[in-house]
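For clarity, every value in this text was computed on a predicted model and none was experimentally measured. In the text below, chain A, chain B and the rest are named by the order of the sequence lines, each starting its count at 1.
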Amino acid sequence: MSDTAVTPSTATFDQFGLAPDILKAVKESGYTTPTPIQAQAIPVVLAGRDVMGAAQTGTGKTASFSLPIIQRLLPQASTSASPARHPVRALILTPTRELADQVAANVQSYAKHTALRSAVVFGGVDMNPQSEQLRRGVEILIATPGRLLDHVQQKTANLGQVQILVLDEADRMLDMGFLPDLQRILNLLPKERQTLLFSATFSGEIKKLAATYLRSPQTIEVARSNSTATNVTQIVFEVAEGDKTGAVVQLIRERSLKQVIVFCNSKIGASRLARSLERDGVVATAIHGDRTQNERMQALDAFKRGEIEALVATDVAARGLDIAELPAVINFDLPFNAEDYVHRIGRTGRAGASGDALSLCSPNERKQLADIEKLIKRPLDVQRLTVDAPVRHHHEERAPRRERSGDGRDERGSRRRTGAPSSGSFERPHHHHHRAQPVDDFFLKPYEPSPASVRKVEEAAAASAAPQKSGSKQPLAALLGGFGMPRKSTSSS
DNA sequence: AAAAAAC
């Protein structure tokens, strides 16, 4: 409570009275001292109270509810093989599939020394393995709402014995139109239960949801929801829209960024940028809602393993995702929703590390910038970024930088312009081994995946014994990206 | 104006 000196150095996880099997897992995870939200939430959840939690993701929120939930379920943990002895007792709902997967991995690791079973269900993947797991029985279920309801309908999930419900990123779920699904799910749960609601903001809608479904909740607020971490250096770069791709490459190179998430506002934009970056020698892949779940998971896993330099993402990756030691986030586009800015840059500077949030701002994004500054209540450092002329080949005798020395020279300059896109930032790859293609080809030829991407997909295909059933006759390029967009939509709508 | 999520 003492607001003067929070000294976590003296605090340990031992103080909560958690079972040795849980503490062992916590230690193995490398955690020694509880974060502020953990220190506040764990005792309250252990006491069985409802919680309204406002916490930035990355503050240790997942453990703050997972650990006490495991503790509360522990006395009922059955080692029996009978599914009937393993009803769903705790249900954790998240807005995105990746977040569900991540929370599930955390829960799994915290519960690994106990007899409690956990599982995760979300859409976009085969239902059968999920159904099989549910049939065998799990005490802790992590889910996205749609697929959970699907399982309920198929009678593979029974929510009649849920004692604890967690709504993670509740504001996001409402934003995404999950309210009807949430209401349906809530109606399937026992009235007598504990409910924990976590949200970045306490909007009117969230308060209404809480008033309807929570019982005298304890409010826990650690960091002000609209604040941004002080360990994240935020810089805005003024740059022409057409120079953005070059700017991303330049920032990655100049700052020697080992890994970076680059956020775009649209799925197509993300795919395009990933392709452009690859062309400029940055190992990149896209993650967004138009890619298959398999591709999304592969992209994220490869990124976490460090095999990919730039993960180009839509806001599907803005919230909650925990990537260790991510040194920087780049906003290729400024988000339309200022709150998303806070979430995006929250992907870096996690667990006390420092991070850079680098945002590109074109002249037509000034309003978004103003909105963000208003939300975070402070002006951002705005710098002008001069994007170098596209890097040229070593063996080229003259720098393409237009020297304007004579009039006979600009013939090449005009040739370069021919057919160049308005966003002409990718005229020349700067790696010698890159074959020089006419700019036109770049737009007309179907996407060609990088050798690294091809290898990854082949590995994955070999590993998962071809689970694709419908429409599996796509070429590799199509499997890889939503990249090779048809030039003209001849398709049926 | 765009993103996400069940089939």
Calculate, to the nearest 0.5 Å, the distance between atoms CG and CG belonging to A/Asp50 and A/Leu196 respectively.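 Output value for this atom pair is 7.0 Å.
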
Would you say a side-chain N or O of [X] is under 4.0 Å from OP1 or OP2 of [N]?
X        : N     : result
A/Arg97  : B/dA6 : yes
A/Thr144 : B/dA4 : no
A/Thr314 : B/dA4 : yes

How many Å lie between CD on A/Glu169 and C1' on B/dA5, as a whole number?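 Value for this atom pair: 15 Å.
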
Nearest whole angstrom, please: distance from the P of B/dA5 to the CG of A/Leu99.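 Checked: the CG to P distance equals 11 Å.
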
Inspect the contact between A/Glu238 and A/Arg384 and indicate whether a charged nitrogen and a carboxylate oxygen are less than 4.0 angstrom apart. yes

Salt-bridge present (A/Arg97, A/Asp101; N to O < 4.0 Å): no

A/Arg296 side-chain proximity, nearest of B/dA4, B/dA3, B/dA1: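 My answer, after comparing the listed nucleotides, is B/dA4.
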
Identify which nucleotide among B/dA6, B/dA5, B/dA4 has an atom closest to any side-chain atom of A/Phe178, counting heavy atoms from C-beta outward. B/dA5

Using a heavy-atom cut-off of under 4.0 Å over every strand shown, decide if A/Gly177 touches base, sugar-phosphate, or nothing.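 Nothing, no heavy atom under 4.0 Å.
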
Do A/Arg72 and A/Gln163 have side-chain atoms, one donor and one acceptor, less than 3.5 Å apart? no

